[in-house]
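The sequence lines fix the lettering, A, B, ..., with proteins before strands; numbering per chain opens at 1.
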There are 2 protein chains.
Amino acid sequence: MATRNIKEVAQLARVSVGTVSNVLNRPEIVSPATRERVFEAIKKLGFVRNEVARHLRVGRSRTVGLVVLDVSNPFFVDVAQGAESVADDHDSMVVLCNSAGDTGRERRHLDQLEQQRVMGILITPVETESPWVEELIARGTPVVLVDSPATGLQCSVAVDDRLGGQIAGAHLIERGHRRIMFVGGPMSIKQVADRHAGVTSAVAAADGAVELLTSSAPTLTVAEGRAIGERVAAQPPDERPTAAFCANDMMALGFLQAMASHGLRVPEDLAIIGYDDIDFAAAAAVPLSSVRQPRELLGRTAIELLLEEVAEPEQHRHRQVIFQPDLVIRESSALRRDS
Amino acid sequence: MATRNIKEVAQLARVSVGTVSNVLNRPEIVSPATRERVFEAIKKLGFVRNEVARHLRVGRSRTVGLVVLDVSNPFFVDVAQGAESVADDHDSMVVLCNSAGDTGRERRHLDQLEQQRVMGILITPVETESPWVEELIARGTPVVLVDSPATGLQCSVAVDDRLGGQIAGAHLIERGHRRIMFVGGPMSIKQVADRHAGVTSAVAAADGAVELLTSSAPTLTVAEGRAIGERVAAQPPDERPTAAFCANDMMALGFLQAMASHGLRVPEDLAIIGYDDIDFAAAAAVPLSSVRQPRELLGRTAIELLLEEVAEPEQHRHRQVIFQPDLVIRESSALRRDS
DNA sequence: AGATTGTTTTGAATCGTCTCAAAGACTCGG
DNA sequence: CCGAGTCTTTGAGACGATTCAAAACAATCT
């Protein structure tokens, strides 16, 4: 209730409001004596600068919005932490919003962020083509796409998911697997489609006859991974795939659990490889092989591109940064299989 | 760049700014004809209300800060989702901040939130006694403590951790364990201390001679849990505890992994029980028994208390809501042990 | 027509801070 | 002691929306 303002500080310190403002923003141009007086007044009154008024006046905000597909997927939490670490160094702030894969929620968050006049928005959009995002940009909010193809209207950072899928597929084939299942989700999600395309190309490139089965769940969750795993475990051994490539680690963990609860050994009976390399992957009881994405780096780079655009809007040219994924082989696919 | 303001809208619609404001805030008091004209102008110009200016004028913000100890612990993500679901219904917004257990970061976040004049702050403080929080309250920002004892200056929500520890201990004793290890962290963290106190009391209440070992790591992470697990696994079988009660599920998962990688069977060779019941606990290859906390409910209740305080500051009396934890028995502790 | 009541619309004041041109205070050489 | 430079400090507008007393307009009744 007792929120003090700059005027009260000025009164107590017997200076003008302009001087107080100067002390706050360019202390070096004000004489040590008055500066000290002002600081004392600030302390005595418990004055805290009203960032809202400041923002209104200067027109620039210090916060960046980050809208992700699923906060409960640690992958996105890590991306957020990467972004936040950079924001910290620029005394700005990241506000994390969860669209939960829902277009409506995504839109509401974008509206709120735009109304707050945030400095810019980092987003992993629910749908590749998003008119909302384009209008947002047209109205002047800088946007950086995370893990989504750029349209030329903005910068983007992404990881080559096709390559990731290919690496995973090649690895399984090299380990002797001839019957591989892709445990995926809706192909409308670009990441899923690309990873699938990657493993498909790896299969096509193999000499021998490698079979690729594809299953698809509505969402990329632990529960869905487990459900698909249950179905696979119920199949007769000679019909079962010998390896599963899961669209993300959440699904892979669910799949793994289904294997365990049906007494199937991983990797002996069935190898598993996931995607993202979240921390829980390494910590699984059978440590999970996974295609690693540079998660923090993704977030860091995204916000750096944004800050760059904000700093020099004129000479800024939109860029698309693409990182290479990385194969991390752990126990869940470590075994060589004699076909 | 092309951010339109209410004045431009007024001009185009040939009305005064006051009328535009009315259309935005109390459309019912303005005649249908002008209302329509104003809406058209808004659409044509792509006008988006400046929440910053609004906030400055009306003095009330629509955002709530939530400062948590560790975003990479899914427990806190779930708390956040609970809070957000309530915020959604009150068209306000939750901004999630991560103190990462660091007092400095915590303070920076609190400063930023106060400068933004947020409606209020929900916080799981790093340290129980926090002068910053008290000053914050004194200066007029409502605070609700999450999972921390209230000082009477604010509301709080928490789960009875002592009871949780006791339930876990009693369960293990009932299953025949006579040598139990508490896998914990710094006792300065209230949650850890309480859970430890709980299991201690359960042990004291047992007739037979039950031994309680205690180990402590600097942080409650998967890696630390694994490290302690490695040490335990290296002990000769007759010196090893037969059960481990971990301070949270992250540690329990790490511990579990160490068991697996050393060929120790869970629960046959060693039972494990965790705390929080995060989703990954059920999804572990040996599904983890855990003491469940009502995670979303915790977040929901916290923000409801805050909204209540904000709505009626006068007649508001601070309350402390305490929830009961719940034992979820899964495979990792399912076995009855014959001593 | 004039009075009365009710409905819409107006526009000036306000929120707390920043900015910047201009005024004030000092210093120093002549 | 004056005038030319430096430093410091001042104070009057913004910024964009909301509010509210008052004005304008409309409808109804004498």
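Five base pairs at each end of the helix from dA1(C)-dT30(D) to dG30(C)-dC1(D) define two local axes, and these are offset by 60° (rounded to 10°).
Counting only distance, with no hydrogens or angles, the side chain of Asn73(A) and the backbone of Phe76(A) share no donor-acceptor pair below 3.5 Å. Side chain of Thr34(B) to main chain of Ser31(B): a donor-acceptor pair is present (N/O by atom type, distance under 3.5 Å, no hydrogens or angles).
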| With the sugar-phosphate defined as primed atoms, P, OP1 and OP2, and the base as all remaining atoms, what B/S/- string results for nucleotides 16-22 of chain C, 5' to 3', for protein heavy atoms under 4.0 Å? | BBBB---
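With a 4.5 Å cut-off on side-chain heavy atoms, Val95(B) and Val118(B) do not count as touching.
Legend: salt bridge (Lys or Arg N to Asp or Glu O under 4.0 Å) pairs involving residues 26-49 of chain A, not counting sequence neighbours: none detected.
When only modelled atom types and interatomic distance are considered, Gln115(B) and Asn50(A) share no side-chain donor-acceptor pair under 3.5 Å. Asp161(B) and Gln191(B) share no donor-acceptor pair across their side chains, judged by distance under 3.5 Å alone.
Every residue meeting the salt bridge (Lys or Arg N to Asp or Glu O under 4.0 Å) condition with Arg108(B), not counting sequence neighbours, appears here in chain and number order: Asp88(A). Residues passing the side chain to side chain contact (heavy atoms under 4.5 Å, CB included) test with Arg107(A) are Asp111(A), Trp132(A), sequence neighbours excluded.
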Contact list (N/O, under 3.5 angstrom) for nucleotides 6-8 of chain D vs protein:
none

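Using a cut-off of 4.0 Å between Lys/Arg side-chain N and Asp/Glu carboxylate O, Glu114(A) and Arg139(A) are scored as salt-bridged. A salt bridge is defined here as a Lys NZ or Arg NE, NH1 or NH2 lying under 4.0 Å from an Asp or Glu carboxylate O, and Glu51(B) with Arg117(A) fails to meet this definition.
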